[in-house]
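Predicted, not measured: the structure shown is a model, and the values here were computed from it. In this chain, residues are counted from 1 in sequence order.
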Amino acid sequence: MTLGLAKVIPPLFVPALGGVGLEQHYASWGIVEFLIQANAKEQLDPGLSMAESWTLAPDQSKVTFKIRKGVKFHGDWGEVTADDVVWSHNNALREGSTFWGISGLRTWMDTWKKIDDYTAEMNIQKGKYNPTWEIGMSNLRTHSPWIYPKLAYDRLGETKANVTPLGTGPFKVLSYRTAEEVKLEALPTHWRAPAKIKSMRVIEIPEDLARVASFRTGETDIIEIPNKFINDLKRQVSGSREVVARGSEFPHTMNIGAGNFWALKKCDTGKDIFPRPAFTPDDKHPYIGNPYEGQTGTDLKFDPDTASMKRSLKVRQALGMAIDRKTIISTIFGGLALDDGAISGFVKSDPQWKKSWEIPHDPAKAKALLAEAGYSNGFEFEFYLAPDHIVINPEAGAAIAQMWRQIGLTVKIDSTAYAAARPKHFDGQDNRIWYRHSSIGNIDQQKFGNFGPSNTFDHIELPCDMQALSFANRTEPDLQKRIKNNVDLQDYVSNWYLSMTLYTVPEHWMLSSRIEDWKPHFMPGRYFTAPETLKVKK
């Protein structure tokens, strides 16, 4: 079976050395596994998990895992023990780690320790218990450390181990060529789920049209596909069909609040952080506002009514109103997207939905706002558009850039690989506008956790009272209070036009007639999942 993807990421199997932002592929291709596994009904199942049981301490200070005996690593690297589990997680958490889930884990997870050969203990930061930790460490989510053999790390050294694909999944790696292909062979037996196919190739085909052509000629059996090609391809390839990439119904968003790092201190530690490197409220970055304009000294007071704040709000409003969402949906997404959704998870059918969260398409008003802000002749800015992200659509981003040009702006698109651009998410380093994504549904869960000041992954900053609402939703027992918190958070972001939802896009896979059966499970993002369930017609 051949799988055609836009990207074959490099092998980065030492967790602390990750950071491409797509490491979930290692699990999605059946190479590695996590400590907790869900069953076909997407229920966490100790009977299928590497941890055959786990127990939360009454004071929520730690979790004790019993490791299943007999789970083998690929090759001659032995059986999984507590040493491997403890090392894998501590390695991901270590100082200087670029593990792709590090920002989220460090908000609640503390160090791990070995109790005995088959017992591991995960410590939880005091008062930071995360009630969704089990799901977050399972195959139903991304950004969790996989289990890698400590023995391989010790014997091969960090550099060689990093490029040596090893795990406990149902497929072992025969060859791995970055940006080209990965050849996988199914294990004859597997402790959890033996594969129904003998082998699988994953090949990189970056261009959408080339990937479609490969499917049309039979070179590939399954491809990730832009929605606009689906109907034509079904007519052209007999017996082909589309399958929704479960869990990938992401609202695409535009973070134009980039560089609006207004916090003076970190909310959790009180550490002085102002000014951030990307706090550049100057004429070259008119979308960045300065609430301390005209103030000097150390006793700064947040003033939402400064001239800089009023100017930047008008510029951000103009950027939002220039975007013709309906045209993008009907053309680039083939009508298979929704003019719906909010960063907080709400959709228009929810009773809490507010009209004020919607942004009208009004290019004339956008031009007028730019003129009021002092930019009747426009300005030049950089727009980061990831060419290789699992959700972001470069064609849609290019269309948005053109819509901005039509209101007189000069847009320079940066299409640096996501792995190279991603580190700028952190520590207030980025003042560029980004095409991003959020997640739909779960209107009562924590949102906006990456909106600074303690975590600037979305390079936008909420004040500490807003941050408190976000983190309160981890532990708040009252459902209505959690929903209200997210309403208030969405109000703040919408009122300041810091980040806006563009449209919600259910992504798809295209399957050839050779694929008899496949049971993908829920996973945030268009990731290929459950390769062991694939059945190919003989």
Q) How are the rings of Y418 and H425 set relative to one another: parallel (under 30°), tilted (30 to 60°) or perpendicular (over 60°)? A) perpendicular
Contacts table for residues 161-172: side-chain donor-acceptor under 3.5 angstrom, sequence neighbours left out:
residue: N162; atom: OD1; partner: F13; partner atom: N; Å: 3.1
residue: N162; atom: OD1; partner: V14; partner atom: N; Å: 3.1
residue: T164; atom: OG1; partner: K160; partner atom: O; Å: 2.6
residue: T168; atom: OG1; partner: E33; partner atom: OE1; Å: 2.6

Q.
For the OG atom of S144 and the CD atom of Q24, what is their distance to the nearest 0.5 Å?
A. 9.0 Å
Q) Near K228 NZ, under 6.0 Å, is it more than 12 heavy atoms from other residues, nucleotides or ligands? A) yes
Q: Could you please spell out the steps behind the ring-ring contact (aromatic ring centres under 6.0 Å, His included) verdict for W404 and F383?
A: CA-CA 11 Å; W404 284 334; F383 175 36; 5.1 Å; yes
Q. Got a sec, which residues hit ring-ring contact (aromatic ring centres under 6.0 Å, His included) with H25, two or more places apart in sequence or on another chain?
A. W29, Y527
Q. Do the ring planes of Y503 and Y435 sit parallel (below 30°), tilted (30 to 60°) or perpendicular (above 60°)?
A. perpendicular
Q. What residues, two or more places apart in sequence or in another chain, satisfy ring-ring contact (aromatic ring centres under 6.0 Å, His included) together with W191?
A. none
Q: Sequence neighbours left out, what passes side chain to side chain donor-acceptor pair (under 3.5 Å) with E242? Give chain and number order.
A: K234
**Q.** Under the salt bridge (charged side-chain N to carboxylate O under 4.0 Å, His left out) test, residues paired with E181 that sit two or more places apart
**A.** R177, K183, R201
Q. Between L93 and R106, is any pair of side-chain heavy atoms under 4.5 Å apart?
A. yes
Q.
Counting C-beta onward and ignoring hydrogens, is there a side-chain heavy-atom pair between F346 and N486 closer than 4.5 Å?
A. yes
Q: Might you work through the ring-ring contact (aromatic ring centres under 6.0 Å, His included) test for W77 and Y153, ending with a clear yes or no?
A: CA-CA 10 Å; W77 297 104; Y153 179 85; over 10 Å; no
Q) Under 4.5 Å between any side-chain heavy atoms of F448 and S344, yes or no? A) yes
**Q.** E52/K69 under salt bridge (charged side-chain N to carboxylate O under 4.0 Å, His left out): CA gap, chis, key distance, verdict
**A.** CA-CA 9 Å; E52 61 183 10; K69 295 180 180 180; over 6 Å; no
Q. Just wondering, do L151 and W87 contact through their side chains at under 4.5 Å, heavy atoms?
A. no
Q: With rounding to the nearest 0.5 Å, note down the distance linking CD1 in I359 to CG in D339.
A: 10.5 Å
Q. Between W509 and F528, how do the two ring planes meet: parallel, tilted or perpendicular, split at 30° and 60°?
A. perpendicular
Q: Check the pair Y384 / H459 against ring-ring contact (aromatic ring centres under 6.0 Å, His included), numbers first and verdict last.
A: CA-CA 12 Å; Y384 177 66; H459 59 288; 9.1 Å; no
Q) With sequence neighbours excluded, what pairs up with E134 under the salt bridge (charged side-chain N to carboxylate O under 4.0 Å, His left out) test? A) none
